Amino acid sequence: MWFGYYWHLQFESPIVYQDLGTSVLSGAIKGYNVCLFAYGQTGSGKTYTMMGTPASIGLTPRICKVLIFQMYGNGNFSFGSFLEIYTERVRDLLKRSDRKKPYTLRVREHPDKGPYVEGLSQHVVSDYNQVVELLEEGIANRITAATHVHDASSRSHAIFTIHYTQAIMENNLPSEIVSKINLVDLAGSERADPNYCKNRIIEGSNINKSLVTLGIVISTLAQNSQMFSSCQSINSILSEGDTSNTGSHSSGNSGNSRRQYYIPYRDSVLTWLLKDSLGGNSKTIMIATISPASTSYGESISTLRYAAHAKNIVNKPRVNEDANVKLIRELREEIDRLKAMLMSFELRNFSPSFSDDKDGNLAEMLFQNELKVSLLDF
Ligand SMILES: Nc1ncnc2c1ncn2[C@@H]1O[C@H](COP(=O)(O)OP(=O)(O)OP(=O)(O)O)[C@@H](O)[C@H]1O
């Protein structure tokens, strides 16, 4: 996981965009899932960084602008959705219905695609103005309230998601790579101020429930990643010191067999929805926003501690390519490998012990793979 600290009022968005926004774009264009989330106390600049203001464009519209530019003329397309999590409930920020009625969407989990929000509206975005409209509509629908330091504080966690699909040619076959880009503006991390009304306190404890779970998830993932890397180095030391009998000791004492800590993703809606982004198939960036005010010292330390933990997480991103095209690519690689082996057997052909059996097996495997590829090609 990459991360960056941003000091309130010190950096302007273009610099943040050059540092982090371009990484999001290059990951998405290569076909990886990407997540960018801003964490910090109220009023420290999360919304300013992620969404911007009329005077200063934030990361989300900047990233969308370049993605849309990339789409033109390539057969690529995108869908956008915008949701908020308020007091552990999911609301669609772009649902064009009677918004006075409070309604909650359910989070479900697909065995392959992971957690998703059932019934969340998806919007085709084919030009930049459409993105701006969606963002403006969503931001206007977001729940805000006055806190002790910020009179229009976002009380919910907002997730703007883009499903970016690119049409490509791979192995002379038309294919698609799809990347999911999660741009997350979290609610302020401060505790509820007892001077505010009762609702604010209940709301604050629910905001904190998500953020506390996020903290637990981040630190547990970091511990697991550290445990995994220390086990790997122990294994490599063991295998270096045991060249005569490779692997026999190390596998028995292998740290890989050490139990990993359980990750409580489902303890909050936020961590459940961001499950893949936090510890799975995603390139993830955390932006930690802090205030320069000395009165915010405690909050700043806590934010930096969060970020320091997050830095230790090692995700496993992979390109989301079409499953059939991936299979064909792997089979073709295998065919090339088998052909090379067969050729080297034929060329050498030096001993009857390199029996016709082996040759026959290779030829048979080669034939089977070519058959599979030709079947998949149609
Ligand atoms: N780098 C900056 N330059 C100029 N103004 C900024 C900057 N960062 C934040 N602000 C201003 O500070 C105020 C608070 O910022 P913002 O709404 O982004 O805070 P936040 O962290 O999202 O707060 P909350 O968690 O309460 O929603 C806003 O008026 C915003 O325009």
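Not measured: the values here are computed from a predicted model. When reading the values below, keep in mind they use all heavy atoms of this one structure, side chains included, and skip hydrogens, waters and symmetry mates. One-based numbering, in listed order, for ligands and for the atoms of each.
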With only distance considered, is [X] within less than 3.5 Å of ligand 1 through an N or O on each side?
{"X": "T49", "result": "no"}
{"X": "T42", "result": "yes"}
{"X": "S44", "result": "yes"}
{"X": "A187", "result": "no"}
{"X": "D185", "result": "no"}

| said: Using the rule side-chain hydrogen bond (donor to acceptor under 3.5 Å, both in side chains), only one of T289, D185, T53 pairs with T47; which is it? | reply: D185

| task | Report yes or no: does a heavy atom of G40 sit under 4.0 Å from some atom of ligand 1? | result |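 G40: no contact with ligand 1 (<4.0 Å).
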
| task | Could you tell me if any non-hydrogen atom of M50 lies under 4.0 Å from any atom of ligand 1? | result |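 Per 4.0 Å heavy-atom rule, M50 does not contact ligand 1.
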
Cluster overlap [X] with [Y], hydrophobic side-chain contacts below 4.5 Å:
{"X": "L270", "Y": "L105", "answer": "yes"}
{"X": "I181", "Y": "V66", "answer": "yes"}
{"X": "Y265", "Y": "V107", "answer": "yes"}

| Using 30° and 60° as the class limits, which term best fits the ring planes of Y306 and Y39: parallel, tilted or perpendicular? |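 Ring orientation, 0 to 90° scale: parallel.
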
| Lys/Arg-Asp/Glu bridge criterion (N-O < 4.0 Å) met for K180, D276 | no

| task | For Q41, counting its heavy atoms only, list the atoms of ligand 1 lying under 4.0 Å from any of them. | result |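 Per the distance check, 21 (O).
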
| For ligand 1, which atoms have a heavy atom of G188 less than 4.0 angstrom away? | 25 (O)

| said: So L120 and T161, do their side chains get closer than 4.5 Å, heavy atoms only? | reply: no

| request: May I ask which of A158, G45, G43 has a heavy atom nearer to atom 23 (O) of ligand 1 than the others do? | output: G43

